[in-house]
Protein chains: 2
Amino acid sequence: MVNVKKYKIGEFSQLVGLSTFTLRYYENEGIIKPHRDQSGMRYYTMADIKWVGFVLHLKGTGMKITALKEYVALRAAGDATIPARRALLAQVQKDCEAEIAERQANLQVLNHKIDWYDGKLDASISETESFETYLKRFE
Amino acid sequence: MVNVKKYKIGEFSQLVGLSTFTLRYYENEGIIKPHRDQSGMRYYTMADIKWVGFVLHLKGTGMKITALKEYVALRAAGDATIPARRALLAQVQKDCEAEIAERQANLQVLNHKIDWYDGKLDASISETESFETYLKRFE
DNA sequence: ACTTGACTTAGAGGGCACTATAAGGCTTAT
DNA sequence: ATAAGCCTTATAGTGCCCTCTAAGTCAAGT
């Protein structure tokens, strides 16, 4: 079987794009649980790559380490916690959507400001029109 | 005139939703420049409200304090810096768009995971189908 | 044999953006 | 007059998430 390959921390670090420091930190926090060989060396498997991949997606939504820890704890507690896990992720989802919406709203203002600069630069908008006045066009 | 009202820091703080600490911090960083009365008290005007409003929009796009400081410095240097200011904001715009796209991609994964939980909960997806397998449906 | 990389615990350092305190003195409103 | 709120500078603390070091040991590959 090809999927039983064991990765040592350095190799794994390269694969998932996290420093060995971070990997050990996550392990301390209980987010990643590598296996150990006879001599106490950590090793990671394909399953760990997938798990870290998922964790990174969650982190990328803005999920905090503490929430991730909760999630992991629920997972460890078995199938009975599935509704709780779903609820936790649904909250993260909601927060992430709100965050994106907010960013987009702020980006809109920035976009307008850049348009305004462009208008000013090519003189298609009055030199003296204020940004506030300009913005009102879009309200 | 109604627009010459002067706001003291406490009042202004309420208006813009920043603590007095933060207002003084921003002032230290050169981002906000309140006026002073005869006795040395800070006061803010309508123009300052608008400026802080814009600053908060910029911050909301993910623009850093250092970039904000650069922007303010360019503004102070006059109209000749308009192209530089535009370039600075265009970079922020680009970064913000990239950030939003990344968040959305990560959110997609989270959405799928929640769908998967829902499928599992109402048994419309096999109990044993792994998340990874499920995810492949969308690749 | 030797180099490289792994192991441990515990704690320090760093970046960012605040947030707060101290301590003493002024101003403004009731 | 009294209290609330403002002023100053300088400095420390907070929260998050790493990032790194120390200091000594151990194991694997060339």
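What you see is a predicted model, and the numbers here were worked out from it, not measured in a lab. What's counted below: heavy atoms across the whole structure, side chains too, no hydrogens, waters or symmetry copies. Just so we're on the same page: letters track the sequence lines, and every chain starts at 1.
When distances run from any side-chain atom of B:Tyr25 to the nucleotides D:dC7, C:dC18, D:dA28, the shortest one goes to C:dC18. Side-chain atoms of B:Ser19 lie closest to C:dT19 of the nucleotides D:dA28, D:dC7, C:dT19. Among the nucleotides D:dC18, C:dT27, D:dA28, the one closest to the side chain of B:Ser39 is C:dT27. The listed nucleotides are D:dC17, C:dA20, C:dT28; the one nearest the side chain of A:Ile65 is D:dC17.
Using a 4.0 Å cut-off, some side-chain N or O of A:Thr22 falls inside it from OP1 or OP2 of D:dT19. A sub-4.0 Å separation between OP1 or OP2 of C:dC18 and a side-chain N or O of B:Arg24 is absent. B:Tyr26 has a side-chain polar atom (N or O) that falls below the 4.0 Å cut-off from OP1 or OP2 of C:dC18. Side-chain N/O atoms of A:Arg42 include none lying less than 4.0 angstrom from OP1 or OP2 on C:dA6. Contact check, B:Lys59 against C:dC16: no side-chain N or O comes under 4.0 Å of OP1 or OP2.
A straight line from NZ of A:Lys8 to C1' of C:dC7 spans 12 Å, rounded to a whole angstrom. Put simply, CG on B:Asn28 is 13 Å from P on D:dT11, counting in whole angstrom units. The distance between atom CD of B:Glu11 and atom C1' of C:dA29, rounded to the nearest whole Å, is 13 Å. Atom-to-atom, CG of B:Leu23 to C1' of D:dC6 comes out at 13 Å; the value is rounded to the nearest Å. For the pair B:Leu18 CG and C:dA20 P, the computed distance is 13 Å after rounding to whole Å. Between the CZ atom of B:Phe21 and the P atom of D:dG15 there is a distance of 15 Å, given to the nearest Å. Taking atom CD of B:Glu27 as the reference point, atom P of C:dC18 lies 15 Å away to the nearest angstrom. Counting to the nearest Å, the P atom of D:dG15 and the NZ atom of A:Lys69 are 14 Å from each other.
Remark: A:Lys50 fails to qualify as a cation-pi partner of A:Phe54 under the 6.0 Å distance and 45° angle criteria applied to the six-membered ring.
Summary of the strand contacts: B:Gly10 and A:Gly62 both lie near DNA chain D, and taking for each the nucleotide with the nearest heavy atom, the more 5' one is attributed to B:Gly10. In this structure, B:Gln38 and B:Lys64 both approach DNA chain C, and ranking their closest nucleotides by distance from the 5' end singles out B:Lys64.
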Can A:Arg103 and B:Glu102 be said to form a salt bridge (Lys or Arg N to Asp or Glu O under 4.0 Å), step by step? CA-CA 12 Å; A:Arg103 287 249 167 163; B:Glu102 205 185 310; over 6 Å; no

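Electrostatic pairing of B:Glu27 and B:Arg36 counts as a salt bridge here, judged by a charged N lying under 4.0 Å from a carboxylate O.
Between the side chain of B:Ser19 and the backbone N or O of B:Thr22, at least one donor-acceptor pair lies under 3.5 Å.
When each of B:Val16, B:Val52, B:Leu23, B:Leu15 is paired with B:Tyr44, the side chain to side chain contact (heavy atoms under 4.5 Å, CB included) condition holds for B:Leu23 and for no other.
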